[in-house]
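This report refers to the structure that appears directly beneath it.
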Amino acid sequence: MTAQRAAIASVLDEARGHVSAEAVHTAARRDGARLSLATVYNTLTALVAMGELREVHPGRGPVLFDFNAHPHHHLVCDACGRLVDVDPSLAHCVPLPDGAAPGFEMHGVDVVFHGRCRACARR
Ligand SMILES: [Zn+2]
Ligand SMILES: [Zn+2]
């Protein structure tokens with residue numbers, strides 16, 4: 001593990017949520033690490049490939065990296081961009097029935113529910 005990777009890992013460990021590459025970069029630099037945004041992005045992408053992190057595409061804003069690599073869904077507020085986890089056991093999610101994707105080997109499901117968070121709904 002390189003020093004750069006260690007710096008990124010410590011930022012992720014602190015964040016324990018959904019963070020953009022830019023946010024990880026800013027936090028790592030603040031901690032004194034010398035690394036480029038490209039290095040942060042490449043390291044995060046490698047961690048996704050290794051199954052250590054998940055990549056979340058909220059539909060607006062940057063791609064987020066998720067500390068929780070276990071299967072779960074997301075709820076995004078379309079007004080402020082807040083993103084929270086949804087326990088997949090609580091979300092009604094129908095997987096594709098057999099035969100819906102012939103010849104396609106599926107590895108998982110990635111669902112983003114859209115709505116408004118409580119703070120935005122009150123406004
Ligand atoms: Zn909101
Ligand atoms: Zn998540």
Side-chain angles (χ1 to χ4, degrees):
M1 190 135 136
T2 65
Q4 293 179 331
R5 193 168 269 207
I8 292 169
S10 103
V11 168
L12 289 171
D13 201 42
E14 219 171 277
R16 297 233 165 223
H18 311 89
V19 286
S20 65
E22 287 80 4
V24 172
H25 183 234
T26 304
R29 301 270 303 204
R30 194 194 52 217
D31 292 349
R34 285 162 164 255
L35 71 190
S36 68
L37 179 57
T39 300
V40 170
Y41 192 80
N42 292 340
T43 304
L44 292 171
T45 305
L47 288 169
V48 170
M50 287 160 60
E52 301 282 323
L53 288 178
R54 257 184 69 178
E55 209 177 79
V56 185
H57 299 260
R60 54 170 257 176
V63 170
L64 299 174
F65 294 88
D66 194 345
F67 195 86
N68 180 1
H70 297 289
H72 64 280
H73 300 321
H74 292 102
L75 193 60
V76 66
C77 174
D78 288 326
C80 70
R82 203 163 92 88
L83 182 114
V84 294
D85 286 343
V86 178
D87 184 331
S89 65
L90 300 176
H92 178 70
C93 174
V94 184
L96 281 176
D98 287 341
F104 199 96
E105 187 190 323
M106 266 177 287
H107 294 144
V109 55
D110 190 3
V111 177
V112 178
F113 297 94
H114 290 265
R116 253 169 207 272
C117 73
R118 192 175 294 187
C120 291
R122 258 200 233 114
R123 248 173 241 151

Once rounded to the nearest 0.5 Å, what's the spacing between atom CG of Leu44 and atom CZ of Phe65?
4.5 Å

If hydrophobic clusters are built by linking Ile, Leu, Val, Met, Phe, Trp and Tyr wherever their side-chain heavy atoms come under 4.5 Å apart, do Val111 and Val84 end up in the same one?
yes

Nearest non-hydrogen partners of Leu35 and Ala28, listed with the distance:
CD2-CB, 3.9 Å

Same cluster or not: are Phe67 and Tyr41 linked, directly or through other Ile, Leu, Val, Met, Phe, Trp or Tyr residues, by side-chain heavy atoms under 4.5 angstrom apart?
yes

For a side-chain contact (heavy atoms from CB on, under 4.5 Å) with Val19, tell me which candidate from Asp66, Leu53, Val24 qualifies.
Val24

d(Thr39 OG1, Arg34 CZ) to nearest 0.5 Å is 13.0 Å

In short, salt bridge (charged side-chain N to carboxylate O under 4.0 Å, His left out) pairs touching residues 36-58 with sequence neighbours left out are Arg54-Asp110

Going by the salt bridge (charged side-chain N to carboxylate O under 4.0 Å, His left out) test, which pairs reach into residues 74-85, not counting sequence neighbours?
none

Residue pair His114, Val112: steps toward the side-chain contact (heavy atoms from CB on, under 4.5 Å) verdict
CA-CA 6 Å; His114 290 265; Val112 178; 3.8 Å; yes

When you measure from the side chain of Asn42 to the backbone N and O of Ala38, does any donor-acceptor pair fall under 3.5 Å?
yes

I'd like to check the side-chain contact (heavy atoms from CB on, under 4.5 Å) partners of Pro62; sequence neighbours left out, ordered by chain and number.
Ser20, Glu22

Under the rule for side-chain contact (heavy atoms from CB on, under 4.5 Å), what residues qualify as partners of Thr26, not counting sequence neighbours?
none

Minimum side-chain heavy-atom gap Val76-Val56 below 4.5 Å:
no

For Leu64 versus Pro58, what's the shortest heavy-atom pair and its separation?
CD1-CG, 4.1 Å

Restricting to side-chain contact (heavy atoms from CB on, under 4.5 Å), what partner residues turn up for Ala79, sequence neighbours left out?
Cys77, Arg116, Cys120

So, using side-chain contact (heavy atoms from CB on, under 4.5 Å) as the criterion, who are the partners of Arg30 when residues are at least two apart?
Glu14, Ala27

Would you compute the distance between atom CZ of Arg118 and atom CZ of Arg122 and round it to the nearest 0.5 angstrom?
7.0 Å

Any donor and acceptor pair, going by atom type alone, linking the side chain of His18 with main-chain N or O of Val63 inside 3.5 Å?
no

